Amino acid sequence: MKRVVITGIGVVSPLGNDKETFWSNLLQGTSGIRQLTKLPASEFQGNTLAAEVNWEEEDESLTDFGLATRYAIAAARESLQDAGLPQYCQGSNSHGVIIGTTNANLDVVNRTLDTYNITHIDQDWPAEAQNMFTHVRPIEISSTISRYFNFGGPSVLIPTACAAGNYAIGTAYSLIRSGRSSVILAGGADGFNRSCYVTFYRLGGMTREDCRPFDKNRTGMVVGEGAGMLVLEELEHALARGARIYGEVKGYGISCDAYHRVAPDPEGKGASKAMQTAIQRSNILTSEIDLISAHGTGTPANDSQEVQALSQIFGDDLGRIPVSAIKSMLGHCMGAASALEAIAIIMTIDRQMIPPTINTTEVDPEFPVAVDVNPGTARKLVVRNVLSNAFGFGGNICSIVLGTYHPN
Amino acid sequence: MGKEIAIIGTGFLSPAGRGIEAFYNQANNGLPEGSKLTDFDPDQYLGVKGLRFVADPTKLYCNVAFQCMEDAQLKGMLNEYPDRFGLYDGSELSIIDEVFEFDLTARVEGADYVSPMKSPNVLGNASASYMAIRAGITGPNFSVSGGATGSLQAIDMAVLHLQEGQTDYGITAATDGDCLLHDTLHKGENRRTFLRSAPAFGAAFALTTLENAQNQGHKVYGTISQIASGQRLGYEENHEVLLRLMEDILKQGTRRKEIDAIILGGAHTFETGKLLEELWWDFDMDHAKVHLPERLLGVCDNNAGSLGLLYAIGISQQRIEKTSAKGIRNCLVGVVDRLGYASMLLASFKN
């Protein structure tokens with residue numbers, strides 16, 4: 001059976017727009033959560049936090065596209081360079097692009113409404129507005145990235161809410177193993193937009209204070225944006241070209257809560273199923289997991305059900321495994337979140353250091369098992385295998401296992 | 001490609017009615033001018049209450065997904081093994097009107113006037129995740145946004161999971177049509193086609209491995225043995241990416257002479273003359289009849305692939321009257337989106 005390794009990574013995030021800045025900020029416990037600037041803060045009574053990307057477009061030919069496309073291309077450029085692959089693939093090839101997203105091009109809806117002052121759905125639109133609106137199609141994200149790098153293989157856009165980044169990595173893993181492609185750019189991307197911010201504001205999911213995953217006084221998440229892109233490569237292909245191998249995708253599991261449109265199953269049944277499947281398909285034991293990268297949004301409902309699910313898989317053994325929740329620094333970057341978390345895991349495996357969870361001072365005593373969130377500061381740790389969770393609205397769940405690469 | 005996949009159930013809903021017979025009726029007789037889908041769940045699989053905040057395309061998705069599970073008689077199996085079922089949605093922008101209204105309210109009236117109950121409709125996974133809740137399906141829940149290739153891409157993902165053993169059954173569906181903003185979008189795209197857009201319809205397929213279908217005694221409409229997909233390369237035109245995918249599929253072992261038909265969607269995005277010329281002269285495929293069913297039903301966007309597969313089933317059962325083809329054994333069903341992304345599968349039928 002083919003093996004799938006990671007040979008390149010690239011980042012656009014609230015914690016920096018290259019992998020080293022991103023990693024350095026994570027290790028230092030720097031927060032990317034600041035005051036909202038991309039929307040008028042006065043419209044969101046008291047909710048004025050956001051994890052925004054500070055980034056400038058390098059390629060003027062892309063300015064008409066949605067932010068997710070542009071962030072993903074910037075991150076993909078870095079990941080291809082990191083992998084030692086060309087920025088434009090010459091000739092016929094089956095290289096693929098798999099992108100996860102929550103909002104796709106909703107920022108294009110915002111831009112069209114704002115630019116042309118559209119106030120009714122059925123009013124006559126000027127031709128320029130119609131033209132701008134064509135960039136709303138989600139397929140434009142994956143298809144544009146494929147064309148930009150001249151990749152001729154599978155190109156898939158997966159809108160499975162906040163689990164989408166892991167879905168993309170898992171799907172790329174499956175497609176490479178099936179022989180459909182030997183190189184796939186996989187990750188997640190989401191641009192800041194009004195609809196997303198309003199959604200979490202109206203659902204009462206956002207905190208007005210710090211994001212404190214798993215804390216007894218946790219009060220919610222912070223909406224973020226960004227892109228994380230990874231080069232996934234079939235092992236023999238990577239070895240043949242002498243690529244640097246960061247780590248290996250060991251397996252993944254997808255499940256669905258089938259419980260509620262915007263709330264997780266409090267018993268964590270879907271989450272535990274996805275984790276169990278991911279670990280089984282990786283052919284490892286739970287005792288071989290050294291780190292858990294939690295979905296860890298900092299909302300009362302999410303964190304509670306995630307610990308419930310973790311306790312079903314790991315039992316009391318959970319106490320020995322650090323649970324990292326980098327959304328405390330990064331905010332919740334939607335479809336990009338789990339892709340950025342995968343990049344943090346790859347850096348963790350590469351450097352054998354785990355980033356801290358900030359702001360969490362007292363883990364919720366109501367949890368059924370103790371949880372070590374590695375509070376405050378980064379530390380050294382021998383890390384072989386990492387389980388990473390991603391949950392989305394609609395009960396979409398995907399867990400992946402990433403690990404060190406060993407030749408045999 | 002691995003295990004052969006069987007199509008064991010279908011679902012269809014359009015202004016012509018529900019079920020595959022309604023599809024044959026629409027393909028053969030067309031629809032009266034101005035036909036519009038107004039009841040998105042005539043079977044009332046979802047009941048009648050609690051649907052105020054459920055978007056019509058989501059109801060349509062659920063209706064056809066339930067139909068195909070009913071057609072394949074999967075109720076007992078689902079009750080016993082809900083986590084062995086996967087749900088796949090190939091719809092893109094079916095709920096664009098709802099998305100737009102959500103943002104419009106936030107912009108014009110203010111964020112505090114947006115109903116949080118409408119927030120799930122903003123997400124691309126709204127339909128499949130709602131269906132999972134209503135049907136109790138706890139296996140993979142997978143939405144894709146593949147433009148015109150969406151319905152084939154959803155089948156592609158379902159087949160991938162079946163072949164890997166992640167699932168035992170895959171329910172794939174897609175919906176399209178009758179959105180105010182689709183017209184706006186099409187004007188912006190400056191579509192160059194004399195074809196009208198197809199009225200709203202939904203289509204669904206229940207899939208399993210052929211081995212499982214035989215073991216469980218499921219009826220089999222046809223099988224899928226190969227799938228290929230790819231993006232148009234810098235030097236290619238849209239019809240050439242379809243030909244490249246065809247070549248990829250043929251490389252897996254099916255002989256050219258065994259292909260009776262090529263059923264294509266998205267033909268308004270390429271020059272069919274060029275495709276036919278290369279097919280005949282470069283591929284030695286002049287024996288294979290090329291079908292463009294969107295010429296009968298209108299441009300289907302997300303559902304172009306569903307239409308192709310239903311059309312193939314119709315020919316195999318000799319139910320499509322507007323064709324000279326009398327049955328097929330092996331056919332290629334392919335779609336290309338205007339952005340140059342294409343998907344193709346090889347379907348086989350035992351007449």
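Order of the sequence lines sets the chain letters (A, B, ...), proteins ahead of strands, with each chain counted from 1. All values derive from a computational prediction rather than experimental measurement.
Neither the backbone nor the side chain of B/N190 comes within contact range of chain A, judged by heavy atoms closer than 4.5 Å. Heavy atoms of A/F200 lying under 4.5 Å from chain B are absent altogether. Using a 4.5 Å cut-off between heavy atoms, B/Q166 contacts chain A through its side chain alone, with no backbone atom that close. Of the two parts of B/M131, neither the backbone nor the side chain holds a non-hydrogen atom closer than 4.5 Å to a non-hydrogen atom of chain A. Heavy-atom distances place the side chain of A/V262, and not its backbone, under 4.5 Å from chain B. Using a 4.5 Å cut-off between heavy atoms, A/L106 touches chain B through its side chain atoms alone. Both the backbone and the side chain of B/L181 come within contact range of chain A, each with at least one heavy atom under 4.5 Å from a heavy atom of that chain. Using a 4.5 Å cut-off between heavy atoms, A/F44 touches chain B through its side chain atoms alone. Looking at B/A126, both its backbone and its side chain come within 4.5 Å of chain A, counting heavy atoms on both sides. Proximity to chain B (any heavy atom under 4.5 Å) is shown, for A/A161, by both the backbone and the side chain. With a threshold of 4.5 angstrom between heavy atoms, B/F53 approaches chain A through N, CA, C or O but not through any side-chain atom. Contact of A/R137 with chain B is made through backbone and side chain together, with heavy-atom distances under 4.5 Å. Neither the backbone nor the side chain of A/N193 comes within contact range of chain B, judged by heavy atoms closer than 4.5 Å. Heavy atoms of B/A342 lying under 4.5 Å from chain A are absent altogether. For A/V97, no part lies near chain B; criterion is any non-hydrogen pair under 4.5 Å. At a 4.5 Å heavy-atom cutoff, the contact between A/N117 and chain B is made by backbone and side-chain atoms alike. Of the atoms belonging to A/Q45, it is side-chain heavy atoms, and not backbone ones, that fall under 4.5 Å from chain B. Residue A/T112: no heavy atom, backbone or side chain, is found under 4.5 Å from chain B. With a threshold of 4.5 angstrom between heavy atoms, A/H260 approaches chain B through N, CA, C or O but not through any side-chain atom. In this structure, chain B has no heavy atom under 4.5 Å from any part of A/F149. With a threshold of 4.5 angstrom between heavy atoms, A/F151 approaches chain B through N, CA, C or O but not through any side-chain atom.
Within a 6.0 Å radius of CG in B/N79, more than 12 heavy atoms belonging to other residues, nucleotides or ligands are found. Around atom OH of B/Y81, no more than 12 heavy atoms belonging to other residues, nucleotides or ligands sit under 6.0 Å away.
No donor-acceptor pair closer than 3.5 Å links the side chain of A/N150 to the backbone N or O of A/Q90. Of the possible donor and acceptor atoms, one in the side chain of B/Q231 sits under 3.5 Å from a partner among the backbone N and O of B/L339. B/N141 places no side-chain N or O within 3.5 Å of a backbone atom of A/N396 that could act as its donor or acceptor partner.
Across B/K187, B/R191, B/R192, a single residue satisfies salt bridge (charged side-chain N to carboxylate O under 4.0 Å, His left out) together with B/E189, and that is B/R191.
The ring of A/W125 has its center closer than 6.0 angstrom to the ring center of A/F133.
Looking at residues two or more places apart in sequence or on another chain, you find no side chain to side chain donor-acceptor pair (under 3.5 Å) involving A/N166.
Side-chain polar atoms of B/T138 and B/D83 form no donor-acceptor pair below 3.5 angstrom. Under 3.5 Å, the side chains of A/Q312 and A/S272 contain a donor-acceptor pair of N or O atoms. Using modelled atom types and a 3.5 Å distance limit, the side chains of B/S229 and B/Q153 yield no donor-acceptor pair. Side-chain N/O atoms of B/Y88 and B/S143 include no donor and acceptor closer than 3.5 Å. Defined by atom type and a distance below 3.5 Å, a donor-acceptor pair is missing between the side-chain atoms of B/T209 and B/E4.
Options A/G395, A/G394, A/S143 differ in how many heavy-atom pairs under 4.5 Å they form with chain B, and the most are formed by A/S143. When each of B/P140, B/A228, B/S145 is checked for heavy-atom pairs under 4.5 Å with chain A, B/S145 comes out on top. Between chain A and the residues B/L104, B/L123, B/V144, the largest count of heavy-atom pairs under 4.5 Å involves B/L104. Ranking B/V99, B/D156, B/L245, B/T105 against chain A, the residue ahead of the rest is B/D156, based on heavy-atom pairs under 4.5 Å. Highest contact tally toward chain A, considering only B/L160, B/D97, B/V108, is held by B/L160 [criterion: heavy-atom pairs under 4.5 Å]. For the set B/L87, B/L180, B/T184, the count of heavy-atom pairs under 4.5 angstrom toward chain A peaks at B/T184. Between chain A and the options B/Y130, B/Y235, B/F142, heavy-atom pairs under 4.5 Å are most frequent for B/F142.
Salt bridge B/E164/A/R281: present, at least one basic N to carboxylate O contact under 4.0 Å. Salt-bridge annotation for B/E240 and B/R232: absent, with no side-chain N of the basic residue lying under 4.0 Å from a carboxylate O of the acidic one. In this structure, A/D257 does not pair ionically with A/K269, as no charged nitrogen and carboxylate oxygen lie closer than 4.0 Å.
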